[in-house]
Amino acid sequence: MPRTDFNQLLEAGVHFGHLKRKWNPKMAPYIFMEKNGIHIIDLHKTVVKLDEAAAALKQIAKSGRKVLFVATKKQAKEIVAEKVSAVAMPYVTERWPGGMLTNFPTIRKAVKKMATIDKLNSDGTYDNFSKREKLQIARQRAKLEKNLGSIADLTRLPAALFVIDVQKEANAVKEAKRLNIPVFAMVDTCCDPTNIDYVIPANDDATKSIAVILDTVTAAIQEGLAERKVEKEKEAAEAAKGGAAAAGTTTASKKEARPRMAKSSSNPAPAAETETKAAATAEQPAAAEENSAAE
């Protein structure tokens, strides 16, 4: 069953491409027609491609890995920050920091620097600095928060990249391809889809178009996270059940062992009584022979 309704995409203006003179011939398979000098995207193919991308993103989220969203264009900043933060995924809405993926350890150092500054505030060391030093540290902290605050929880390379506007985020796509990280992207008629693993042909300039695509994508990620949570709870319940069963088996074996030990300790007494009776029986004929001899 499709995740997205055709009419919903149509109402959001997802089908509007760029001017015919600005088109990229490699996008020809996704173009339906040309009207008034503007290319119209085939929404039937958009629905299919969007469903494929959503299914793949769901599996990534279910496996516990992260998807990094990249959208630095003005129309997409607020929408991405709002919708992506709701599913606890990292995102970049300011300038793409060069080498963010290919030089990831350096980026992590910058993120840790924010934590160090926060620690200075919490332990009181910050109060010992001069007014000028405090101002410099505050400015540095604000700059780091603006550029890297949204990826503070990204402790390792992301499993995938979701890009809005492939032309504008060309550096991010290059870094991802260099590290063999799969790229999901909204691709307009003026863009080159060659380096994109999951192409979603769509209008990447309109706010409504970006919002409707992100709604589908984030809903798929949320499903994956929910299924992961259910599986973890199920595994924990099974582990607890297995532990309880093992404990019950151990207790039962101990209870069975005790009567056996008592039974074995009580065996010597009947054996002694049997030997005493046998000796008495043997003595009786001997006493009878002695009496007859005496007579």
Side-chain angles (χ1 to χ4, degrees), residues 4 9 12-32 38-43 45-54 56-57 60 66-81 83-84 89-102 150-151 157-218 220-221:
T4 312
L9 296 178
V14 177
H15 59 292
F16 289 118
H18 273 270
L19 293 172
K20 183 181 177 181
R21 59 186 174 83
K22 292 184 178 181
W23 81 307
N24 191 311
K26 293 180 181 179
M27 281 297 291
Y30 306 106
I31 295 175
F32 177 67
I38 297 174
H39 275 131
I40 305 298
I41 296 170
D42 189 348
L43 290 185
K45 292 184 178 180
T46 301
V47 170
V48 173
K49 291 293 185 179
L50 183 55
D51 287 344
E52 288 179 4
L57 289 169
I60 291 173
K66 297 288 186 180
V67 179
L68 178 62
F69 287 76
V70 184
T72 60
K73 66 192 306 179
K74 188 177 180 181
Q75 301 95 312
K77 282 185 179 183
E78 294 182 3
I79 300 170
V80 170
K83 296 185 181 297
V84 176
M89 289 292 170
Y91 58 90
V92 175
T93 54
E94 298 299 326
R95 184 184 65 85
W96 172 261
M100 181 173 174
L101 299 178
T102 53
S150 58
I151 61 167
L157 286 172
L161 215 66
F162 190 96
V163 178
I164 297 174
D165 196 336
V166 175
Q167 282 186 332
K168 189 173 179 62
E169 315 301 343
N171 290 336
V173 174
K174 286 179 183 178
E175 289 188 30
K177 297 309 295 179
R178 187 175 178 181
L179 297 174
N180 295 322
I181 296 174
V183 179
F184 299 73
M186 291 178 64
V187 185
D188 212 330
T189 56
C190 63
C191 301
D192 183 3
T194 306
N195 293 325
I196 309 303
D197 298 284
Y198 292 86
V199 177
I200 304 173
N203 178 6
D204 60 10
D205 294 316
T207 304
K208 289 183 179 180
S209 175
I210 296 170
V212 74
I213 297 294
L214 282 180
D215 281 339
T216 303
V217 168
T218 52
I221 291 174

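What you see below is based on every heavy atom in this structure, not just the backbone, and it leaves out hydrogens, waters and symmetry mates.
In this structure the side chain of Leu214 reaches within 4.5 angstrom of the side chain of Ile164, judged on heavy atoms. Between Val84 and Ile79 there is no side-chain heavy-atom pair separated by less than 4.5 Å. Contact of the Glu52 side chain with the Lys49 side chain is registered, since non-hydrogen atoms from C-beta on lie closer than 4.5 Å. Contact annotation: the side chain of Pro90 approaches that of Leu68 to within less than 4.5 Å [non-hydrogen atoms, C-beta and beyond]. The shortest distance between side-chain heavy atoms of Val173 and Ile196 falls below 4.5 Å. Residues Asp42 and Pro29 have side chains not in contact (no heavy-atom distance under 4.5 Å, counting atoms from C-beta outward). Using a 4.5 Å heavy-atom cutoff, the side chains of Asn203 and Lys208 are not in contact. Within the 4.5 Å cutoff, the side chain of Asp188 has heavy atoms near those of the Ile41 side chain.
For Thr189 (side chain) and His18 (main-chain N/O), a donor-acceptor pair under 3.5 Å exists by modelled atom type. Distance alone, capped at 3.5 Å, places no donor-acceptor pair between the Glu169 side chain and the Val163 backbone. A donor-acceptor pair under 3.5 Å is absent between the side-chain atoms of Lys83 and the main chain of Val217, judged by distance alone.
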### Query
Going through the distances and angles, do Leu161 and Glu175 end up as a side chain to side chain contact (heavy atoms under 4.5 Å, CB included)?
CA-CA 10 Å; Leu161 215 66; Glu175 289 188 30; over 6 Å; no

### Task
In sequence, state the C-alpha distance, the side-chain angles, and the governing distance for Val187 and Asp192, and then conclude on side chain to side chain contact (heavy atoms under 4.5 Å, CB included).
CA-CA 8 Å; Val187 185; Asp192 183 3; over 6 Å; no

### Task
Test side chain to side chain contact (heavy atoms under 4.5 Å, CB included) on Leu9 and Val47 and set out the steps.
CA-CA 8 Å; Leu9 296 178; Val47 170; 3.5 Å; yes

### Task
Might you work through the side chain to side chain contact (heavy atoms under 4.5 Å, CB included) test for Ile151 and Met100, ending with a clear yes or no?
CA-CA 10 Å; Ile151 61 167; Met100 181 173 174; 3.1 Å; yes

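The line from CZ of Phe69 to OG1 of Thr218 is 7.0 Å long, rounded to the nearest 0.5 Å. Rounding to the nearest 0.5 Å places NZ of Lys77 at 12.5 Å from CD1 of Ile210. Note that NZ of Lys168 is 14.0 Å distant from CH2 of Trp96, once rounded to the nearest 0.5 Å.
In the displayed structure, Glu78 atom CD is contacted under 6.0 Å by at most 12 heavy atoms of other residues, nucleotides or ligands.
For the residue pair Thr46 and Pro201, the shortest heavy atom distance occurs at OG1-O, 2.8 Å. What you find for Ala12 and Val212 is that their closest heavy atoms are CB-CG1, 3.9 Å.
Here the two rings, on Phe184 and Tyr198, have centers that are under 6.0 Å apart.
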